[in-house]
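Each remark here refers to the structure printed beneath this line.
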Amino acid sequence: MLSDRNYMSSSYHSGHSEKNIVYILIAITTLAFLLVPRHSNLWLYELAFSSYGVQSLKLWQFVSYMFLHANFTHIFFNMWGLYLFGMAVLPILGPARFLQLYVLRGVSGAGLWLLVNWGSRYPLVGASAAIFGVMMAAAMFYPEMRIQLIFPPIPMKMKTFVLVY
């Protein structure tokens, strides 16, 4: 039975402190949004992900792009998704595996983007690939969980939401 497994018991995890990784990711992303001027040379050529950056061996861009966002709406919805789905997935994975999931999904998203957009003049920014990885994990762990969309107000199962999204 699922409730008999160690990782499902409340004593298995350290409690509130395990949620810090989600809060830390949100804080770092928000600070980057507030402190790094959008469309500055630092933003465009050093931190945003691009085929030019890969050609110049700026391999840190595979990670740094996840902490940049184009505008307030972009960061708001990404961080809201990270909070909602991250808090569901984190108790199952624990902080280290959650961070591994987040970073690896972000890196693989950048790699896929690169395959399709090699030579593009436009850089990639945002945590959407990493957050979609967290959403996929939530759908795998809680496929039958019913969620309510805000607009339009439609209830659906988690697996259906992620598939449609």
Side-chain angles (χ1 to χ4, degrees), residues 7 12-118 120-142 147-151 158 161-162 165:
Y7 59 82
Y12 181 75
H13 295 292
S14 59
H16 181 70
S17 64
E18 75 176 10
K19 293 180 169 91
N20 287 346
I21 191 65
V22 171
Y23 295 135
I24 289 168
L25 288 169
I26 291 171
I28 291 170
T29 305
T30 302
L31 281 173
F33 182 75
L34 295 173
L35 297 177
V36 179
R38 281 173 295 292
H39 308 296
S40 66
N41 284 342
L42 175 65
W43 196 89
L44 283 170
Y45 300 114
E46 297 301 323
L47 300 176
F49 185 77
S50 66
S51 57
Y52 167 79
V54 172
Q55 291 170 359
S56 301
L57 296 178
K58 297 178 181 180
L59 301 182
W60 61 84
Q61 291 180 353
F62 275 96
V63 175
S64 63
Y65 88 97
M66 292 185 275
F67 298 98
L68 304 177
H69 287 78
N71 54 46
F72 177 77
T73 305
H74 188 203
I75 191 172
F76 175 79
F77 283 109
N78 269 343
M79 295 305 97
W80 189 30
L82 174 57
Y83 177 77
L84 292 176
F85 296 100
M87 290 302 190
V89 171
L90 182 60
I92 294 172
L93 294 181
R97 289 179 60 208
F98 179 86
L99 186 60
Q100 183 180 27
L101 168 75
Y102 188 83
V103 172
L104 289 177
R105 291 311 105 216
V107 169
S108 64
L112 183 60
W113 180 89
L114 189 64
L115 287 174
V116 176
N117 293 286
W118 185 259
S120 173
R121 297 181 348 189
Y122 301 103
L124 175 66
V125 295
S128 299
I131 297 193
F132 192 74
V134 174
M135 289 171 60
M136 184 63 75
M140 292 173 67
F141 292 133
Y142 308 104
I147 61 171
Q148 175 76 39
L149 297 181
I150 294 174
F151 184 80
M158 179 77 76
F161 171 75
V162 172
Y165 184 79

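Residues take their numbers from the sequence shown, with the count starting at 1. Worth knowing before you read on, the calculation uses all heavy atoms, side chains too, and leaves out hydrogens, waters and symmetry mates.
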Indicate the atoms forming the closest heavy-atom contact of His74 with Ala70, along with that distance.
ND1-N, 3.1 Å
Hey, are the side chains of Gln55 and Trp118 touching, using non-hydrogen atoms and a 4.5 Å cut-off?
yes
Taking Lys58 for the side chain and Ser50 for the main chain, is one N or O donor matched with an acceptor at less than 3.5 Å?
no
If we only count heavy atoms from C-beta on, is the Ser51 to Asn117 side-chain gap below 4.5 Å?
no
Any chance CZ of Phe132 has more than 12 other-residue heavy atoms, nucleotides or ligands included, within less than 6.0 Å?
yes
Would you say Gln61 and Tyr45 make side-chain contact, with heavy atoms under 4.5 Å?
no
CG/Leu99 to CG/Leu25 distance, rounded to the nearest 0.5 angstrom?
6.0 Å
Backbone of Gly106 reached by a side-chain donor or acceptor of Tyr65 within 3.5 Å:
yes
I'd like to check Val125 versus Arg38 (side-chain heavy atoms, cut-off strictly below 4.5 Å). Are they in contact?
no
I'd like to know if the side chain of Trp60 reaches the main chain of Glu46, judged simply by a donor and an acceptor atom lying under 3.5 Å from each other, with no hydrogens or angles considered.
yes
Do Leu68 and Phe49 have side-chain heavy atoms sitting under 4.5 Å apart?
no
Rounded to the nearest 0.5 Å, the OH atom of Tyr83 sits from the CH2 atom of Trp80 at a distance of 12.0 Å
At their closest point, which heavy atom of Ala139 faces which heavy atom of Val162, and how far apart are they?
CB-CG2, 3.7 Å
To the closest 0.5 Å, what do you measure between OG1 (Thr29) and CD1 (Ile24)?
11.5 Å
Taking every non-hydrogen atom, the tightest pair across Phe67 and Ala32:
O-CB, 3.2 Å
Do you know which two heavy atoms are closest between His69 and Trp43, and how far apart they sit?
O-CZ2, 3.8 Å
Measuring from atom CZ of Arg105 to atom CD of Gln100, what distance do you get when rounded to the nearest 0.5 angstrom?
9.0 Å
Specify whether Phe76 and Phe72 have parallel, tilted or perpendicular ring planes, treating 30° as the upper limit for parallel and 60° as the lower limit for perpendicular.
parallel
Evaluate the side-chain contact (heavy atoms from CB on, under 4.5 Å) criterion for residues Met135 and Phe161: first the C-alpha distance (whole Å), next the side-chain angles of each, then the deciding distance (0.1 Å), finally the verdict.
CA-CA 9 Å; Met135 289 171 60; Phe161 171 75; 3.4 Å; yes
Roughly how far, to the nearest 0.5 Å, is CZ of Phe33 from CG of Asn78?
11.5 Å
Residues Ile131 and Leu82: closest non-hydrogen pair is CD1-CB, 3.7 Å
Spacing of CD1 belonging to Ile26 relative to CD1 belonging to Ile21, to within rounding of 0.5 Å:
10.5 Å
Tyr142 (side chain) donor-acceptor with Ala88 (main chain) under 3.5 angstrom:
yes
Tightest non-hydrogen contact, residues Ala130 and Tyr102, listed as CB-O, 3.2 Å
